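Read the structure below first, then the notes.
Just so we're clear, the structure is a prediction, and the values are computed from it rather than from any experiment. Computation of the quantities below employed the complete heavy-atom set of this structure, encompassing side-chain atoms and omitting hydrogens, waters and symmetry-equivalent molecules.
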Amino acid sequence: MGAGGRMNDSTSKDDVLKRVPTEKTPFEISDLKKAIPPHCFKRSLATSSYYLLRDIAICYTFYHLASNYIPLVPKPLRYIAWPLYWFCQGTSFMGIWSIGHDLGHHAFSEYEWLDDTLGFILHSSFLTPYFSFKYSHRSHHAHTNSMEYDEVWIPKRKADTLYSEVLNNPIGNLIMTVIRLLLSFPMYFTFNIHGRPYDGFASHFYPQSPIFNDGERKQIWLSDAGIVAAVYGLYKIASATSASWLFCIYGAPLLVMNAHFIFFTFLHHSHPSIAHYDKREWDWIRGALSTIDRDYGIFNTIFHDVTNAHVVHHLISTIPHYHTVEATKAIKPILGDYYKYDDTPILKAFWRETKECIFVEPDEGAESSGVYWFRR
C-alpha cells in the first residue's frame, strides 16, 4: 500500500508526491459505506449542539478578554495583544463557520429545517450567504475536479500567461498568496473568483446568477437578507462604539477567518499528485478522491477535522465531523493508493503548492487522455 495506507505516520517525499491512480476505481461508493461502522452515519443533535455551544463559549471568552482587558494593557504591549486576539478569535470564528458548513450538508441533526435555520444564522453572522454557498458547494461536491463543471478552485491552463509566465516566480507567487489570503473569500462570493466560468454575471449575491437554478432563487434572496441584517447590526454596533472598536473586535478576526478558509481549501484541492479530468474522463468517485488530507496539528480539532478528514467528507458529506476520522480509518484499506495523505509541515506545503501548482496540462504525448496534472 502506498502513501494512502497511513494517516498520521511520516511519509517520504517520494510517497507524498506519488501520483494518485487515474484508472477507474476497483471499488464503488457502496463498498466504502459498508466498511464504515454504522454509528458513523448517525447525526446526534446533542453531540452536534455540544460542539457548537463549546465553540460559541470559546468565541465569547476571547471577546470578553479582549474588550475588557486589552485596553488596560500598556500601550506598547497592545501591538502584541491585539494581533494575538485577532488570530485566536479568527481561528474560533473558523471553527464555528465549519459547523455552519456541516449544517449546509445536513450533517448536524436529523432535522433539515433546524440545520438550515442554524446555518443561516451562523453563516450570516460571518457575512457568508448561507443558501447561496450551500447550493454552489453542493455543485462542487457533485463535480469535484471536473475541468468543466467544478464550482471552485478551477485550475488555470498554460495558455493563461498571466499565471503561467508573468506571475510564475517567487515574487509573483508571494503577491498572489497575499491577495489570495486577504481578498479571495469575499471576491469568490461577490465575483465568483476561482469559480467556473458562466455565461452572464455569476455572483453568490445575485439571485438571477447562472450559478443557481430557478427553484433556488427565492432562497438566494433570503441569503442576501441575512447579510443585510448582519451588516445593519454591525453598523449599529459601530455607531454605539466606534468603527475602530468594531474592526478590532470583529473585522480583523473576520479577515483571519477568511485567510484560514482560503488557506485550507486551497490545500484541499492543490497538490502535484492529484489529477483533474475533463468530460471525456471524469467520473464522480475519482473526482471525489482527488483531494488531500493533511495534518494541521491542534487546528484539526479547532476546525472539526475538515482538514485531516476531507477525503471522506467528499465521499459521504453527511457524516458528522465527530465521526469523519474514524470513517477515514475504516475506508483507507479499500482506497489504497487512491487515498492521498500528506504530512508535510503545513506552511512548507502551502509554499510548495503555490510554486508547483500554477496551471494544469495533460502529460506530453497524452494530450487526448482527458487527465490533467499540475505544472509550474
Side-chain angles (χ1 to χ4, degrees), residues 2-4 16-33 135-165 168 188 192-200 202 209-213 265-293 310-317 331 334-342 353-376:
V16 164
L17 298 180
K18 179 183 177 182
R19 286 181 171 182
V20 171
T22 57
E23 298 79 18
K24 291 187 179 296
T25 61
F27 49 81
E28 301 291 339
I29 187 64
S30 58
D31 300 314
L32 302 178
K33 289 182 177 180
Y135 295 136
S136 69
H137 192 61
R138 181 179 62 190
S139 180
H140 164 58
H141 273 255
H143 304 99
T144 309
N145 279 38
S146 163
M147 292 293 292
E148 293 89 1
Y149 301 112
D150 197 356
E151 200 63 46
V152 69
W153 292 117
I154 310 303
K156 304 297 181 181
R157 298 292 302 274
K158 187 176 182 179
D160 191 334
T161 56
L162 175 63
Y163 288 86
S164 63
E165 296 180 13
N168 192 4
Y188 169 63
N192 203 36
I193 297 297
H194 300 307
R196 58 173 280 199
Y198 282 99
D199 293 330
S209 170
I211 298 173
F212 313 112
N213 63 47
T265 57
F266 170 76
L267 287 179
H268 283 159
H269 300 291
S270 303
H271 197 279
S273 72
I274 63 169
H276 284 71
Y277 304 89
D278 67 24
K279 58 188 176 183
R280 294 171 294 181
E281 191 66 18
W282 182 89
D283 63 52
W284 177 83
I285 195 165
R286 281 183 293 167
L289 289 168
S290 296
T291 184
I292 311 98
D293 286 349
H310 193 68
V311 174
V312 74
H313 171 68
H314 263 273
L315 292 165
I316 311 168
S317 60
I331 64 174
I334 299 174
L335 296 180
D337 285 342
Y338 284 88
Y339 173 74
K340 173 58 64 175
Y341 170 74
D342 187 344
E353 266 59 289
T354 61
K355 294 190 299 179
E356 300 295 331
C357 302
I358 304 298
F359 59 89
V360 295
E361 289 293 320
D363 282 337
E364 187 175 350
E367 286 79 7
S368 62
S369 66
V371 180
Y372 298 75
W373 299 96
F374 276 112
R375 312 285 187 192
R376 58 174 299 177

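Under the 4.5 Å side-chain criterion, counting only non-hydrogen atoms from C-beta, Leu17 is not in contact with Ser273. Within the 4.5 Å cutoff, no side-chain heavy atoms of Tyr341 are placed close to those of Val311. A 4.5 Å side-chain heavy-atom check between Pro272 and Arg19 finds every atom pair outside the cut-off. Two residues are said to be in side-chain contact when any heavy atoms from C-beta on lie closer than 4.5 Å; Val360 and Arg157 meet this criterion. In this structure the side chain of Glu165 never reaches within 4.5 angstrom of the side chain of Phe359, judged on heavy atoms.
Between the side chains of Asp278 and Tyr372, a donor-acceptor pair is found at a separation under 3.5 Å.
Residues forming a side chain to side chain donor-acceptor pair (under 3.5 Å) with His276 (at least two apart in sequence, or on another chain): none. Listed by chain and number, the residues in a side-chain contact (heavy atoms from CB on, under 4.5 Å) with Ser209 are Ala202, Tyr206, Ile211, Phe212 (sequence neighbours excluded). Among residues two or more places apart in sequence or in another chain, the side chain to side chain donor-acceptor pair (under 3.5 Å) test is passed with Thr265 by Trp153. A search for side chain to side chain donor-acceptor pair (under 3.5 Å) contacts involving Tyr163 returns nothing, not counting sequence neighbours. Residues satisfying the side chain to side chain donor-acceptor pair (under 3.5 Å) test with Thr291, not counting sequence neighbours, are none.
In this structure, Arg196 is positioned above the aromatic face of Tyr198, its NZ or CZ under 6.0 Å from the six-membered ring centre and within 45° of the axis.
Note that the NE2 atom of His140 and the OG atom of Ser146 stand 11.5 Å from one another [nearest 0.5 Å]. Residue Cys357 holds its SG atom at 14.5 Å from NZ of Lys156, rounded to the nearest 0.5 Å. Between the CH2 atom of Trp282 and the CG atom of Asp150 there is a distance of 9.0 Å, given to the nearest 0.5 Å. Within the model, atoms CG of Asp342 and NZ of Lys18 stand 14.5 Å from one another, a figure rounded to the nearest 0.5 Å. Distance CG/Leu162 to CG/Asn168: 10.5 Å, rounded to 0.5 Å. Between the OG atom in Ser368 and the CZ atom in Arg280 there is a gap of 6.0 Å [rounded to 0.5 Å].
Nearest approach of His271 to Ile292, heavy atoms of both residues: CB-CD1, 3.5 Å. Summarising the geometry of Ile29 relative to Leu315, their closest heavy-atom pair is CD1-O, 3.8 Å, with the distance given to 0.1 Å. Summarising the geometry of Ser270 relative to Phe374, their closest heavy-atom pair is CA-CE1, 3.9 Å, with the distance given to 0.1 Å. Across Ile358 and Arg376, no two heavy atoms sit closer than the pair CG1-CA, 3.9 Å. Considering every non-hydrogen atom in both Asp293 and Tyr339, the closest pair reads OD2-OH, 2.7 Å. Contact detail for Ser139 and Tyr149: the closest heavy-atom pair is OG-O, 4.3 Å.
Salt bridge present: Asp363 and Arg375 bring a charged side-chain N and a carboxylate O closer than 4.0 Å.
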Before giving the answer on side-chain contact (heavy atoms from CB on, under 4.5 Å), spell out for Asn145 and Leu289 the whole-Å C-alpha distance, their side-chain angles and the decisive distance to 0.1 Å. CA-CA 9 Å; Asn145 279 38; Leu289 289 168; over 6 Å; no
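Not one N or O on the side chain of Thr144 forms a donor-acceptor pair closer than 3.5 Å with the backbone of Ala288.
Between His137 and His141, the angle of the ring planes goes over 60°, which puts this pair in the perpendicular group of the 30/60° scheme.
A ring pair (Phe, Tyr, Trp, His ring centres under 6.0 Å) with His314 is found for exactly one of His143, His268, His269, namely His269.
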Extract all donor-acceptor atom pairs below 3.5 Å that involve side chains of residues 21-28 and protein atoms in other chains or at least two apart in sequence.
unit_1: Lys24; atom_1: NZ; unit_2: Asp283; atom_2: OD2; d: 3.3
unit_1: Thr25; atom_1: OG1; unit_2: Phe27; atom_2: O; d: 2.8

